[in-house]
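Okay, so here's the structure we're looking at.
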Amino acid sequence: MSEVRTRIAPSPTGDPHVGTAYIALFNMCFARQQGGKFILRIEDTDQARSTPESEQEILDSLRWLHLDWDEGPDKGGDFGPYRQSERGEIYKEHANKLVDSGDAFYCFCTQERLDNLRKEQQENKEQPGYDGHCQALTPEQVKDNLDRNVPNVIRMHIPRRGSCVVNDMLRGEIEIDWHQVDMQILMKSDGMPTYHLANVVDDHLMGITHVIRGEEWINSAPKHLKLYEYFGWEPPVLIHMPLLRNTDKSKLSKRKNPTSIGYYKKMGYLSEAVVNFLGLMGWSMPSGPDEEGEELFSVQDMIDNFDIQRVSLGGPVFDTEKLDWLNGRYLREVLSDEEFIQRFGEWAFNPETTHQIVPLIKQRVERFSDVAPLAGFYFSGMPDIKTTDFEHKSLSQEDSVKILQFIAWAVEILPEWHRDRLEKLLMDMADQMDIKIRDFLSPVFIAIAGSSVSTSVIDSIAVIGKDITRARLRHAIGILGGVSKKGAKKLESEYRELDLK
RNA sequence: GUCCCCUUCGUCUAGAGGCCUAGGACACCUGGUUUUCAUCCAGGCAACAGGGGUUCGAAACCCCUAGGGGACGCCA
């Protein structure tokens, strides 16, 4: 059999996610253990949501974790380009091939018609899906529409009867009825392919032999297998990993958990510990005859002992308590004093943040000994705060929660993380909530700096960054008793009333 | 709602029909070491979702039920 090739295919539409790193780790271990190659491909076919910044951050994060790839947009390879937005012609060509062979068809249905159709189907409790309307079009009608530049998409044909057997290396045979599968859009009206087409075409063209991905893809596997069949290609081996979970067992989400890799870096975790912890999710070192498998292991150890069959299928809860313990072991058992000094220095005193912090504290100190108390919160985890710290002459506890929650939401969609942008946002918000900025910022000081005596809170937010800001706001809201489900609804509608720019 | 996946201590997991009186780790509790604390060491608490089969024998294999999760987009 030819060389094993696996890939990680992140979509640059947000913060680098630990789930991406998780899947990357298993792809990398499998490839390395098999003596194969591990490829990075950027799936940026969603033009509305993909950003170059996000791509950069994802690459940086994966690099930080040493999940190194052999081919990718940054280092090239024989199967490029490795960014889907640069492969437009390839997809077009392949989609056309399917149209010509009769395995796909043009669809001219409007968004409105599809929305109504879906609504109707849901009301009638039918399986939502395309009704095949445009399949009935004659070649002449299609040509006519095309000539008149009617907006269109290309959809794949799906058998109406029978079922598809998906063979998963870990789960065995999974049978899914074809009538559960929609006539998937392959090419969007903007000329870009959907995930399903791009993924299949690229995996084939890039020689991917094993697709290791999240469990959420099981249900669309029939579409993918059908595409391989239409093209006359041999499908890769499919392996669906369990999904990382929140404490309540739902799919890991940033609303309930810090999911950004950047958060763990900024909180002062070692990349080795983070990767090690990820390796403990659904996998374990084999035990010897008289000893249990060691839980502290390097990526190389993991590769040396890797066996994909050892993956357990129950969705692991991403509970960082064990990560804390593991990180502590790395710090005190694995790192020498010299290494500790170096690694700590790199973390705390990198020129970028130091240059931002010094001007803020310089004007407020009289001795160097004043620096640590004043700047400590920049480097700390969550501030040690109590409900009473938020007591304020004109703000109730509910007001404080509201302010913090609104900021948390607003900050989420901020296009750029810059002090002036933040300032404008907070000023705007205070103004619209009809609260004096001075009062408005009071709970923010406590949440971010742990004290009302501190450097400018807006500058502080700018320095500590989105990940830590988000975490501290969440932490403070938690201290204040949190937001109930009902309360959240009310807050959300109030929040939507605000006109924030 | 329909389909699919999953199910061992609170959490991460070991377990490939007899080695299971179910093992380890985190967390928690107790004790020891330490001027304190942390570390470290010793000990403790704590689970096979339920019910039916198959078998001499089931945590493991099969079926049903329940619970959890996921998917049902011109998102990936």
Side-chain angles (χ1 to χ4, degrees), chain A residues 9-14 17 19-20 42-50 84 107 109-111 114-115 118 121-130 151-155 163-164 166 168 170-172 174-182 184-199 213-223 240-252 277-296 309-326 328-329 331-333:
Chain A
S11 178
T13 53
H17 198 279
T20 306
I42 296 293
E43 308 226 324
D44 54 352
T45 55
D46 184 341
Q47 293 184 308
R49 294 197 303 149
S50 298
Q84 291 186 330
C107 171
C109 293
T110 60
Q111 193 63 57
L114 295 175
D115 289 345
R118 192 165 298 127
Q121 286 166 330
Q122 270 164 2
E123 275 166 17
N124 296 338
K125 301 196 189 244
E126 290 168 42
Q127 172 74 14
Y130 187 60
N152 63 83
V153 302
I154 295 176
R155 288 180 187 272
S163 61
C164 175
V166 177
D168 182 289
L170 262 20
R171 296 162 203 259
I174 300 167
E175 189 174 351
I176 296 172
D177 284 344
W178 280 117
H179 73 250
Q180 291 290 330
V181 183
D182 198 7
Q184 181 62 47
I185 290 179
L186 264 19
M187 292 295 281
K188 304 184 256 188
S189 57
D190 66 358
M192 289 297 255
T194 56
Y195 166 86
H196 305 279
L197 204 227
N199 197 259
R213 55 170 21 166
E215 190 179 1
E216 66 220 279
W217 294 108
I218 291 179
N219 287 293
S220 40
K223 294 171 186 173
H240 293 98
M241 296 288 295
L243 255 24
L244 263 21
R245 314 291 185 94
N246 297 312
T247 323
D248 64 4
K249 304 273 189 184
S250 58
K251 178 171 154 179
L252 190 64
F277 180 63
L278 253 15
L280 251 18
M281 303 273 98
W283 193 81
S284 59
M285 272 289 170
S287 309
D290 279 315
E291 57 175 0
E292 294 291 332
E294 173 60 85
E295 293 193 296
L296 186 146
Q309 297 295 347
R310 284 187 68 81
V311 170
S312 58
L313 266 12
V317 172
F318 191 78
D319 183 345
T320 53
E321 228 161 1
K322 199 160 188 167
L323 171 61
D324 290 336
W325 162 77
L326 200 55
R329 277 191 70 186
L331 253 21
R332 69 184 100 89
E333 290 175 30

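Just so you know, these numbers come straight off a predicted model, no measurement behind them. Residue numbers start from 1 in every chain, and the chains themselves are labelled A, B, ... in the order their sequence lines are given, proteins ahead of strands.
- Using a 4.0 Å heavy-atom cutoff across all strands shown, T13(A) reaches no nucleic acid atom at all.
- Nearest heavy-atom pair across C107(A) and R155(A) is SG-NE, 3.3 Å.
- In this structure, R310(A) reaches the sugar-phosphate backbone alone: every heavy-atom distance under 4.0 Å involves primed, P, OP1 or OP2 atoms, never a base.
- Base pairing annotation: U34(B) forms no Watson-Crick or G-U wobble pair, as no partner gives both donor-acceptor distances under 3.5 Å.
- Between the CZ atom of R213(A) and the C1' atom of C5(B) there is a distance of 14 Å, rounded to whole Å.
- The aromatic ring centroids of F277(A) and W325(A) lie 6.0 Å or more from each other.
- Checking side-chain atoms of N246(A) against main-chain N and O of D248(A) turns up no donor-acceptor pair under 3.5 Å.
- For D177(A) and G1(B), the CG to P distance is 19 Å, given to the nearest whole Å.
- When the C1' atom is used for both U11(B) and A46(B), the distance is 12 Å, rounded to whole Å.
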Passes side-chain hydrogen bond (donor to acceptor under 3.5 Å, both in side chains), H240(A) versus R213(A)? Steps please. CA-CA 5 Å; H240(A) 293 98; R213(A) 55 170 21 166; 3.1 Å; yes

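- When each of A76(B), U13(B), U11(B) is scored by its nearest atom to the side-chain atoms of H196(A), the top-ranked nucleotide is A76(B).
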Where along nucleotides 24-31 of chain B does protein come under 4.0 Å, by heavy atom, of base (B) or sugar-phosphate alone (S), with - for untouched nucleotides? BBSS----

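- Comparing the same atom, C1', in C4(B) and in C19(B) gives a spacing of 37 Å after rounding to whole Å.
- For G67(B) and G50(B), the P atoms lie 15 Å apart once the distance is rounded to whole Å.
- Taking atom NE2 on H17(A) and atom P on A76(B), their separation rounds to 17 Å, with Å as the unit.
- With both pairing distances under 3.5 Å, G73(B) is matched to nothing as a Watson-Crick or G-U wobble pair.
- With a 3.5 Å ceiling on both atom-pair distances, U21(B) lacks any Watson-Crick or G-U wobble partner.
- The shortest distance between the side-chain N/O atoms of R171(A) and the OP1/OP2 oxygens of C4(B) is not below 4.0 Å.
- Checked for salt-bridge contact, E126(A) and R118(A) miss the test: no charged N lies under 4.0 Å from a carboxylate O.
- Computed from coordinates, the E175(A) CD to C3(B) C1' distance equals 12 Å when rounded to whole Å.
- Under a 4.0 Å N-O distance rule, the pair K322(A)/E295(A) qualifies as a salt bridge.
- Note on R332(A): only backbone sugar-phosphate atoms sit closer than 4.0 angstrom, heavy atoms only; bases stay farther off.
- Considering all non-hydrogen atoms of both residues, H179(A) and Q127(A) come closest at O-CG, 4.0 Å.
- Among C4(B), A76(B), U13(B), the nucleotide with an atom closest to any side-chain atom of I174(A) is C4(B).
- Both distances falling under 3.5 Å, in either a Watson-Crick or a G-U wobble arrangement, place C61(B) opposite G53(B).
- Rounding to whole angstrom units, CD of residue E126(A) and C1' of U2(B) are separated by 11 Å.
- A distance of about 11 Å separates the P atoms of C63(B) and C5(B), rounded to the whole Å.
- Within the 4.0 Å cut-off from OP1 or OP2 of U11(B), not a single side-chain nitrogen or oxygen of T247(A) is found.
- Residues D44(A) and Q84(A) approach most closely at OD1-N, 3.3 Å, considering heavy atoms.
- Rounded to whole Å, the separation between the P atoms of A60(B) and C48(B) comes to 12 Å.
- Defined by atom type and a distance below 3.5 Å, a donor-acceptor pair is missing between the side-chain atoms of S50(A) and D46(A).
- In this structure, the CG atom of L313(A) is 16 Å from the P atom of C4(B), given to the nearest Å.
- The nucleotide A27(B) finds no pairing partner, because no Watson-Crick or G-U wobble arrangement with both distances shorter than 3.5 Å includes it.
- Base-pair partner of U7(B): A66(B) (Watson-Crick or G-U wobble, both distances under 3.5 Å).
- Salt-bridge formation is not detected for the pair E43(A)/R49(A): no Lys NZ or Arg NE/NH1/NH2 atom is positioned less than 4.0 Å from an Asp or Glu carboxylate oxygen.
- Across the C1' atoms, U13(B) and U7(B) are found 14 Å apart, a figure rounded to whole Å.
- In this entry the distance linking CH2 of W283(A) with C1' of A14(B) reads 13 Å, nearest Å.
- Toward the 5′ end of RNA chain B lies the nearest nucleotide of I176(A), the other residue of the pair I176(A) and E333(A) mapping further downstream.
- S163(A) contributes no side-chain N or O that, together with a main-chain N or O of W178(A), makes up a donor-acceptor pair within less than 3.5 Å.
- Taking the P atoms as reference points, A27(B) lies 15 Å from C12(B), given to the whole Å.
- Note: CG (D324(A)) to P (C12(B)) measures 16 Å, nearest angstrom.
- Cation-pi geometry between R245(A) and F318(A) is not met at under 6.0 angstrom from the ring centre and within 45 degrees of the axis.
- C45(B) sits 30 Å from G52(B) when the P atoms are compared, rounded to a whole Å.
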For every nucleotide of nucleotides 61-74 of chain B, 5' to 3': is a protein heavy atom under 4.0 Å from its base (B), only from its sugar-phosphate (S), or from neither (-)? -------SSBSSSB

